[in-house]
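Every number for a ligand or one of its atoms is a count from 1 in the order of the listing.
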Amino acid sequence: MLNNFDEVVNRRNTYSVKWDGGKIIKEMKLTERYDEDTIPLFLADMDLPVPQALVDALHKTVDNRIYGYSLFPDEYYHAIQNWFKKRHDWDIKREEIVYSPGTVHAINMAVRAYTEPEDGIIIQRPVYPPFTTAIEKNNRKLLNNALVCDEEGYYTIDFEDFEEKAKQPTTKMFIMCNPHNPTGRIFQVDELKKLSAICAENNVLIVADEIHGDLIRKNQTFHPIAKIVENDDHIITCTAINKTFNVAGLHCTNVIIPSFKLRNKFIRTMGYQMASPFTIAALIAVYNDGEGWLEDVKEYLDGTIKMVKEFFDEKMPKLKVAIPEGTYIMWLDFSTYGISPEEVHDRIYNKANVLLEDGSMFGEEGISHQRICIPSPRSIVKEALERIAKEFEDLV
Ligand SMILES: Cc1ncc(COP(=O)(O)O)c(C=O)c1O
């Protein structure tokens with residue numbers, strides 16, 4: 001590996017939500033305790049340094065000394081098209097690409113552009129909480145097609161329930177998360193085709209949040225839904241460099257909208273968005289020159305996930321934890337400990353002083369779970385695991 005991800009980069013005093021965010025974290029009621037000794041493994045934000053090509057591109061942009069309104073050059077679009085063709089064998093036309101400053105922003109815009117108050121929107125809980133917020137804060141009706149979990153912690157889709165919800169006349173949209181946060185599932189071609197067919201038949205638009213699509217286990221394949229179906233007119237896909245290259249702070253999401261009509265509606269609702277010159281330079285650098293780094297980071301994450309799984313199997317054998325197919329998120333099931341979610345929280349957050357995310361944030365299906373994000377140097381993850389295990393020693 002060319003990149004050294006064991007290096008601990010100090011992120012304190014860098015405006016980091018994860019490492020400097022005590023005030024917001026307490027306001028969000030994630031925990032009462034947040035201090036210099038807290039290990040934050042709660043946010044999908046890597047503590048691993050980005051590709052050197054990106055650092056160089058940003059330096060070059062800084063050296064221009066003027067950072068005015070910027071346009072998207074041909075190179076920007078080519079970089080996106082080449083990346084998705086090469087990595088996912090997906091042909092994207094240039095005109096289908098719409099820049100948005102964020103995926104959550106794009107999802108909110110889609111809800112406003114394509115649905116009316118009281119319309120139904122399907123999501124699959126337990127799921128990334130901003131999906132719920134986008135539906136509820138816009139006064140739409142939430143339809144939960146809960147994923148079904150087996151004994152091994154593997155999640156699958158209840159298609160009968162999905163179809164029943166899609167058939168309701170007021171159902172207008174399905175917000176899909178693939179790879180799925182927090183369960184780590186990557187939906188397979190047969191599942192995606194079935195979801196797409198049900199939605200097409202019932203005029204339900206699919207908003208596919210695929211921003212974890214590049215960060216999957218080395219032995220897995222990810223299929224963009226718009227690529228594998230014959231007709232993609234009812235699909236809009238959110239792609240981003242944010243997760244893949246750890247640049248959430250540069251705000252760069254590209255929404256792929258094949259339908260001309262849907263694209264115009266989206267742009268009218270959102271208004272034309274310009275990106276900063278740093279964002280434009282970053283996208284071109286990472287999509288053109290970041291592939292080697294991504295392969296290294298995937299290998300590092302695979303190793304860390306294996307380490308976490310082996311640690312828990314040995315030290316906390318009651319805990320149910322599966323290797324996620326995609327994402328760097330692990331979904332820990334504490335239900336076999338026989339203690340309340342509040343006590344699990346207290347032991348991890350207040351006593352071990354490790355900051356995770358309570359599963360209840362992802363819907364009631366997550367109540368007995370904790371979400372841990374592991375894209376940090378292994379020494380940090382290891383220390384967090386040891387602190388947690390110590391607080392559960394009496395329950396082994
Ligand atoms: C599934 C999913 N969508 C969207 C986001 C946030 O994306 P953005 O920062 O582009 O709004 C996250 C961040 O964790 C995520 O996991």
For [X] and ligand 1, answer yes if some heavy atom of the residue is under 4.0 Å from a ligand atom, otherwise no.
| X | result |
| --- | --- |
| Lys243 | yes |
| His212 | yes |
| Cys177 | yes |

Proximal atoms of ligand 1 relative to [X] (non-hydrogen, under 4.0 Å):
| X | answer |
| --- | --- |
| Ala44 | 14 (O) |
| Asn242 | 8 (P), 9 (O), 10 (O) |
| Asn181 | 15 (C), 16 (O) |
| Thr253 | 10 (O) |
| Thr103 | 4 (C), 7 (O), 8 (P), 10 (O), 11 (O) |

Between [X] and [Y], do the side chains contain an N or O donor and an N or O acceptor separated by less than 3.5 Å?
| X | Y | result |
| --- | --- | --- |
| Thr115 | Arg140 | yes |
| Asp358 | Ser360 | no |
| Glu365 | Asn144 | yes |
| Asn178 | Glu210 | no |

Next on the checklist: Which residue and atom name correspond to the protein heavy atom nearest atom 6 (C) of ligand 1, and how close is it?
Outcome noted: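 Protein heavy atom at minimum distance: Tyr128 OH, 3.2 Å.
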Checklist entry - Where the closest heavy atom to atom 1 (C) of ligand 1 is concerned, which of Val104, Leu43, Asp209 has it? => result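 Closest candidate by heavy-atom distance is Asp209.
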Checklist entry - Around Glu27, counting heavy atoms of other residues, nucleotides and ligands shown, do more than 12 lie under 6.0 Å from its CD? => result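 Count over threshold, so yes.
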Next on the checklist: Quick one, Asp74 with Arg94, criterion salt bridge (charged side-chain N to carboxylate O under 4.0 Å, His left out). Give me CA distance, side-chain angles, the key distance, then yes/no.
Outcome noted: CA-CA 9 Å; Asp74 290 345; Arg94 178 191 168 124; 2.9 Å; yes
Item to check | Residues forming a side-chain hydrogen bond (donor to acceptor under 3.5 Å, both in side chains) with Glu116, sequence neighbours excluded | outcome: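 side-chain hydrogen bond (donor to acceptor under 3.5 Å, both in side chains) list for Glu116, sorted by chain: empty.
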